[in-house]
Structures are given as C-alpha cells and as structure tokens.
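Working notes, beginning with the structure itself.
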There are 2 protein chains.
Amino acid sequence: MARTTLTRDEVLDAAASLVMQHGPAALTMRGLAAELGTAVTSIYWHVGNRESLLDALVERTVEEMGAIRPTGRTPADRILAVARILRRELRRRPHLIAMVHERGLTERMFLPAQQALVHEVHAAGLRGARAAEAVRAVQFQVVGYLLVERNRERSPAQSPAESELWDPAAAPHDPALARALARPADPDRLFLLSVRALVHALLAPGAADASDATGTDGTAPPR
Amino acid sequence: MARTTLTRDEVLDAAASLVMQHGPAALTMRGLAAELGTAVTSIYWHVGNRESLLDALVERTVEEMGAIRPTGRTPADRILAVARILRRELRRRPHLIAMVHERGLTERMFLPAQQALVHEVHAAGLRGARAAEAVRAVQFQVVGYLLVERNRERSPAQSPAESELWDPAAAPHDPALARALARPADPDRLFLLSVRALVHALLAPGAADASDATGTDGTAPPR
DNA sequence: ACCTGAACACCGTTCAAGT
DNA sequence: ACCTGAACACCGTTCAAGT
C-alpha cells in the first residue's frame, strides 16, 4: 500500500467505505490509518479530527441527494414519483443516512425534494399557506416512512413478534385481519397506499384544512 | 453518598437519569460509579456490561409506553386521540426514545397502540387485509412524523435555512406560499392535519386501495 | 507542506483477591 | 453474595520533531 502523498479525498473515500460497510462505530482513526498505510496523525492533518471527518461524510451524502427529476402526467403522479425516488436513493446508503439523521440534517437533505413538491402542489392549484401545508405534510410523511422502514429492517427478531401477537386465536372477531397483521408488511405497497391516500386528501378541493380541526379534547367539530 | 448495598435498580435509576439529562454518550461506567459512590466493577456485577445496561434502560422505556386509552365519539376521533397520546408520551423521553429507535425496537414499543388502532379501524367497518393496511398506514405515519419532528427539534441552525431558501424573491409566482414555507412549521397543526387527512382517506369506503396503484413508470392508471 | 512516533488522558472490561 | 484495586487493551488527540 505504498503511496505518493495522502490526500483529503483519499481519506474521505476510505472512511466512507468503512462506514458504508460496517457502520460508523467501525471507523476508528487507528483502523483508518492502517487501511491507508499511514500514521494516525497524518489523518488529523488532512481532516482535523474524527468528528469533522464524519461531518464531511455527512455533507457529501447531503450533496449526493441533490437532484430530483420526477416524471408523471398529473401533479399527483409526480408527487408519487418524488416519493419513490427519495425512497430508492435513501435505501442505498442506510448508514450514512442514519448519520445525517443523527446530526439533525435530514430536513436540509430534503430541500431539493421540497422544491419539487412545491412545484407540483402549485400545479395542482393549491396556493399560499394551504400549499405550504400540503408540501410539508407530504414531506413529513415520506421522510417519516423511510425512517420507520429503516428501523424495521434493522430491527432484530422482535419479541413478541407481530406473528405471535396476532395469531388468529387472539383476535377471533376478524381472523382475516389477524392473519394480515401476522404477515410481514409489504413496504412497497404500504408506502404507495399511504402516500396516495394523503395526496388524494390534500389535493381534494376544500378538504384537508386543519382550521376545522378537532380540539384537544378529542371531540368532533359540528358539521 | 455512603450506602448499605448497591442494587440493580439503583444502578438503572442513576443510569436513566444520566441518559435523560445528557444523552447516552454521557453515560460512562466510571462516571456512573462515581455518581453511585462505588467501584466501577460493582456495576458490572449488577448489570453485566455497558451494553446490557443500555438494553435494560430501553426495555424499561418500552414497558412504560404500554397503556393507551383513547377517547372520542367516533372511530376517527379515537384514532386521532391515539396519535396525540403517543406524541405526548414520546416527547417526554427524547434520548431514551432515540435509543429504542437505534435498537430497532420502535415497532415493538408501538404494539399496544397498534392494538388500539385495530379496534378503532374495526369499529369503522374495515375488515381483513384492508383493515390491516389502514392500521399500518396510520402507525407508520404517526411514528414517522414523530421521528421527523424530533430530528427537526434537535437539528442545529440549518444552512441554508428554509427562511433563506424561501424568501419571496426566490418564488415570485406565489409569495404567500414562499412566506408560509419561510415560517417555521407549526408541528401541532401539521400533525393533526396529516393524520386527519390520512384517516379520512383510509376510512372512506372504496378509497385508499393500493391495488389500483400507479405503476413504477409513474404513469396514471386509466379511470 | 506534509508526515512521524511518543505521550497523555480517557475508555470498557477482566480477574484474582478480599469480606 | 457482593465489592475492590490493579491491570489490559483499546480509544481520540496533542505535540515536538523530522523532511
């Protein structure tokens, strides 16, 4: 592993590779130095310290999530396309995305997607504060879904598992429901279904306005 | 800080206090021993090692999130109540909830809420796989929203901030929209709005079925 | 401008020894 | 059954010294 001179990019590449394969805990300064064939202290000259090294990796990830080009015939279709694209790209970099999340930069990472959503919501005829709420509702739902989904994928064997909890004997009133909940969720289908339901309600004229909101007492408003 | 004999519960209480105040990184075995006035090694006798100590804290948190008693007149209202209760309880324990999330136990923590949702969806007349999908859609949305919200609260000053990005000059076509996005989101309002929109669409007869889903090509189905 | 080894102050964990 | 100090193998980081 003899080399001419070490560069900052080489350090970042090696660090990113370690993190993507084994997670941030596997990134030790000494281990990284060994990987690069240099002294530990050389790394400090190029990237400062471990924390700013991780920051640089996160920054890179945020930039890579930049361009969103949705396709589709209607605004609703293009909103769905934005959601699908985000989901695909995020699932490629689970460890790095978790680090973005830990640093509280998830929202910033999604700003390009937010701009695309603004465009589509506007095309659907929403204006002003109403349009802003629709954008944020979709954004929160998509980002939130991805966080939950990732959590599920990482989770170890759950106890009690849904399959035990929802064995049909425990829910005799609706065995088909119990069977459905005992099966693992279909994440693609559930994602589409959820986003479509939300978008449908948000774009429907006159619906989805929180100003008719139920109060904190849990009672329904008059209608 | 002289004491008779150290107990496992005392160790857990002190550890929980440290974590709740300053996060898991602030929990060092040596620091915890100093807090308790014992030798580091005594802690090992009671709780094993640091990892299983954290596991025990997480387990406790999952148990504390147990009972959900929604109120409200209609199933839709009671689903909203479940969502609000979850949100309130989770916001009380941010560090511990993050640890539950890191261990992939978020879903297990929400099983009691899931059972409440099953009851309400059933009361609303949904059955079988359709009901299961509605439950999961609401569950994913609520949990996801909370994760996103927590991320926002923790996040440092964002750059570019939404307020810079959405200054009205950048979106001349709809200055009211730009102003709305430049303002910080109202999390209570957005939460209610999103859950209500999703629940409305899911409980509406015949709506919200993914079997009429748009394909991956982003084109709309015939209607 | 870039790299190095030595040293420092921290970790979590183990272990033999105490009572 | 419970507690202890000493020791081990690791960390991240600093610094004076090299070229």
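In what follows, chains are A, B, ... by sequence order, proteins preceding strands, each numbered from 1.
Atom C1' of nucleotide C/dC10 and atom CZ of A/Arg30 are separated by 11 Å, given to the nearest angstrom. Protein atom CD of B/Glu51 is 8 Å distant from nucleotide atom P of C/dT13, rounded to whole Å. B/Ile43 has its CD1 atom 14 Å from the P atom of C/dT14, to the nearest Å. Going from atom CZ of B/Arg8 over to atom P of D/dC2 covers 13 Å, rounded to whole Å. Look at CH2 on B/Trp45: it is 21 Å from P on C/dG12, rounded to the nearest Å. Atom P of nucleotide D/dC10 and atom CZ of B/Arg50 are separated by 19 Å, given to the nearest angstrom. Whole-Å rounding puts the A/Tyr44 OH to D/dG12 C1' distance at 4 Å. Rounded to a whole Å, the CG atom of A/Leu27 is 12 Å from the C1' atom of D/dG12.
A donor N or O paired with an acceptor N or O is found under 3.5 Å between the base of D/dG5 and the side-chain atoms of B/Thr41.
Side-chain contact of B/Ser52 with B/Asn49: a donor-acceptor pair under 3.5 Å is present, judged by distance alone.
Within the 4.0 angstrom heavy-atom criterion, base atoms lie near B/Ser42.
Looking at A/Glu63 and A/Arg60, no side-chain N of the basic residue comes within less than 4.0 Å of a carboxylate O on the acidic one, giving no salt bridge.
Put simply, B/His46 has no side-chain N or O that comes within less than 4.0 Å of OP1 or OP2 on D/dA1. The phosphate of C/dT13 has OP1 or OP2 within less than 4.0 Å of a side-chain N or O from B/Asn49.
Under the 30°/60° scheme for interplanar angles, the aromatic rings of B/His101 and A/His101 are found to stand perpendicular.
Nucleotide C/dC15 is matched to D/dG5 when pairs are restricted to Watson-Crick or G-U wobble geometry with both distances under 3.5 angstrom. In this structure, C/dC10 makes no Watson-Crick or G-U wobble pair, since no nucleotide meets both defining distances under 3.5 angstrom.
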Report the C-alpha separation of B/Arg136 and A/Leu181 in whole Å, then their side-chain angles, then the decisive distance to 0.1 Å, and conclude whether the side-chain contact (heavy atoms from CB on, under 4.5 Å) test is met. CA-CA 9 Å; B/Arg136 280 189 167 135; A/Leu181 283 174; 4.1 Å; yes
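Within a 6.0 Å radius of CZ in A/Arg88, other residues, nucleotides and ligands contribute more than 12 heavy atoms.
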